[in-house]
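The structure under discussion appears below in the form of structure tokens.
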Protein chains: 2
Amino acid sequence: MNTSEDLIEKFRNRNYKITPQRLGIFKILEGNLDHPSAEDIFATIKKTYPTISFTTVYKTLDILEKMGEVLKITIDDERKHYDPNTYTHHHIICLGCNKISDVDAESVNPQLPDGILQEFTPSRYHVSFYGTCKDCLSKQ
Amino acid sequence: MNTSEDLIEKFRNRNYKITPQRLGIFKILEGNLDHPSAEDIFATIKKTYPTISFTTVYKTLDILEKMGEVLKITIDDERKHYDPNTYTHHHIICLGCNKISDVDAESVNPQLPDGILQEFTPSRYHVSFYGTCKDCLSKQ
DNA sequence: GATTAAACAATAATCATTTCAAATTGTCAA
DNA sequence: TTGACAATTTGAAATGATTATTGTTTAATC
């Protein structure tokens, strides 16, 4: 997973400018395991950078996604989430509170049947587990 | 997978009315393997039922989803898709043309690690394979 | 056929996301 | 260190998917 410094370096390599806004977003993403939505990130950065606009957040996330430095997760019906951990892994989402947690890739091992391989060339895959978390279970 | 008659029966059991519009939607879904979006379904039914409104399509799909008779698929960034095949299975999506195809469940067999099972009670899972289809591959 | 609750169509509202034009700001060379 | 320029930020407005509202119509039941 990238540190802010990694991302600064990678932005420089592509001649993208390092602005305080972008730096703030990098810091929020650094080591983040919470799978924040664009709105979450906007709300967080606004505390230290009150004038930042939503557009800037979206654009920066878009750049990061196109660079392959964050993953856009579409497991939630409501909104998209961003994940700075680009190493192959999977997710479990609680149907009660929508919290998303990580599942390591090694243990999960889905197989693609031979028939499909003649029609498609897969490049990656993602497993979404749906269920109920401990907290939501105890509330029921 | 449900036939129109199955859905009529299930609607009756819940005291939902059978209208020509709903019947039209049932027929479109019957045996459908194309994973249509709400817009696709709207466009199709409009040919035989030009006065139908978008709202009616959404509401009917919403009822069907809540009844568990169709699945709402969120694997496409752009819009949601509906799948009348509610038997556990998975999907492969072409990154070139966004076409979604089915993958049978038996062959795919993801495992959820023990550690996670103490935190979450999974109820279902879904695997999304991403790749390039034969057609798009030949175009490159 | 009359009654009534449910479903319809039309329209407006909402929500996440994108686009746009103008103002601002990093960057780099002088 | 400064100035120029292109990239970036901003705020507002647009978009596209989806949901809510509201009168009108209709399916189901008698």
Side-chain angles (χ1 to χ4, degrees), chain A residues 4 7-28 35-46 48-67 70-82 98 100, chain B residues 4-5 7-26 35-67 70-82 98 100:
Chain A
S4 304
L7 292 178
I8 291 171
E9 182 65 20
K10 285 171 179 168
F11 262 52
R12 280 208 209 291
N13 290 343
R14 297 192 177 220
N15 289 329
Y16 289 140
K17 295 186 172 159
I18 310 300
T19 65
Q21 291 91 333
R22 288 179 172 175
L23 199 53
I25 293 170
F26 294 172
K27 290 214 177 104
I28 288 169
H35 313 87
S37 64
E39 197 183 5
D40 294 332
I41 292 169
F42 179 62
T44 307
I45 199 171
K46 234 181 167 194
T48 55
Y49 220 95
T51 64
I52 197 170
S53 81
F54 227 135
T55 311
T56 303
V57 174
Y58 271 112
K59 281 204 79 180
T60 304
L61 289 171
D62 196 47
I63 292 170
L64 285 166
E65 194 215 349
K66 288 207 167 57
M67 285 170 64
V70 302
L71 295 177
K72 196 187 267 186
I73 313 177
T74 54
I75 141 175
D76 175 9
D77 272 5
E78 305 297 321
R79 58 187 57 75
K80 288 162 199 147
H81 295 258
Y82 293 86
N98 287 328
I100 302 172
Chain B
S4 304
E5 284 71 31
L7 292 178
I8 291 171
E9 182 65 21
K10 284 170 179 169
F11 262 52
R12 278 207 211 292
N13 290 342
R14 297 193 177 219
N15 289 329
Y16 289 140
K17 296 192 169 151
I18 311 300
T19 65
Q21 291 88 339
R22 285 180 173 176
L23 199 52
I25 293 170
F26 294 172
H35 312 88
S37 64
E39 198 183 4
D40 294 332
I41 292 170
F42 179 62
T44 306
I45 197 170
K46 235 182 165 190
K47 289 178 198 158
T48 54
Y49 223 94
T51 64
I52 196 171
S53 81
F54 226 138
T55 311
T56 303
V57 174
Y58 270 113
K59 281 204 80 181
T60 304
L61 290 170
D62 196 46
I63 291 171
L64 285 166
E65 194 218 349
K66 289 208 167 57
M67 285 170 65
V70 301
L71 295 177
K72 196 187 267 186
I73 313 177
T74 54
I75 115 181
D76 176 9
D77 273 5
E78 303 300 320
R79 67 195 100 255
K80 288 161 199 149
H81 295 258
Y82 293 87
N98 287 327
I100 302 172

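Here is the naming used below: chain letters follow the sequence lines, and residue numbers restart at 1 for every chain.
Between the side chain of His81(A) and the main chain of His35(A), a donor-acceptor pair closer than 3.5 Å is present. Judged by distance alone, with hydrogens and angles left aside, the side-chain atoms of Arg79(B) form no donor-acceptor pair with the main-chain N or O of Ala38(B) at under 3.5 Å. Put simply, the side chain of Thr74(A) gets close to the backbone of Thr74(B): a donor and an acceptor are under 3.5 Å apart.
Here dT8(D) presents its P atom at 6 Å from CD1 of Ile63(A), a figure rounded to the nearest Å. Spacing between atom CD of Glu78(A) and atom P of dT18(D) amounts to 11 Å, rounded to whole angstrom units. Rounded to whole Å, the distance from CD1 on Ile18(A) to P on dC28(C) is 10 Å. Rounded to whole Å, atom C1' of dT15(D) lies 13 Å from atom CZ of Arg79(B). Computed from coordinates, the Asn13(B) CG to dA28(D) C1' distance equals 15 Å when rounded to whole Å. Between the NZ atom of Lys80(B) and the P atom of dA16(C) there is a distance of 11 Å, given to the nearest Å. Remark: C1' of dA7(C) and CD of Gln21(B) are 8 Å apart, rounded to the nearest angstrom. Put simply, OH on Tyr16(A) is 12 Å from P on dT9(D), counting in whole angstrom units.
Nucleic acid contact class of Pro50(B) (heavy atoms, under 4.0 Å, all strands): none. If you check every strand for non-hydrogen atoms under 4.0 Å, Phe54(A) touches nothing. Residue-level contact check: Thr51(B) touches the backbone only, with heavy atoms under 4.0 Å from sugar-phosphate atoms and none from bases. Within 4.0 Å (heavy atoms only), Thr56(A) reaches at least one base atom of the nucleic acid. Residue contacts shown for Lys59(B) are absent, as no nucleic acid heavy atom lies under 4.0 Å away.
Between Phe11(B) and Phe26(B), the angle of the ring planes goes over 60°, which puts this pair in the perpendicular group of the 30/60° scheme.
For the OP1/OP2 pair of dA6(C) and a distance below 4.0 Å, the side-chain nitrogens and oxygens of Arg22(B) include no atom meeting the criterion. In this structure, Tyr58(A) does not reach the dT18(C) phosphate: none of its side-chain N or O atoms is under 4.0 Å from OP1 or OP2. The shortest distance between the side-chain N/O atoms of Arg12(A) and the OP1/OP2 oxygens of dT27(C) is below 4.0 Å.
No side-chain heavy atom of Ile63(A) sits less than 4.5 Å from a side-chain heavy atom of Arg14(A).
In this structure, Thr19(B) and Lys72(B) both approach DNA chain D, and ranking their closest nucleotides by distance from the 5' end singles out Lys72(B). Two residues, Lys17(A) and Thr55(A), neighbour DNA chain C, and the one matched to the more 5' nucleotide by heavy-atom proximity is Thr55(A).
Looking at the side chain of Ser53(A), the nearest of the listed nucleotides dT10(D), dT8(D), dC8(C) is dT10(D).
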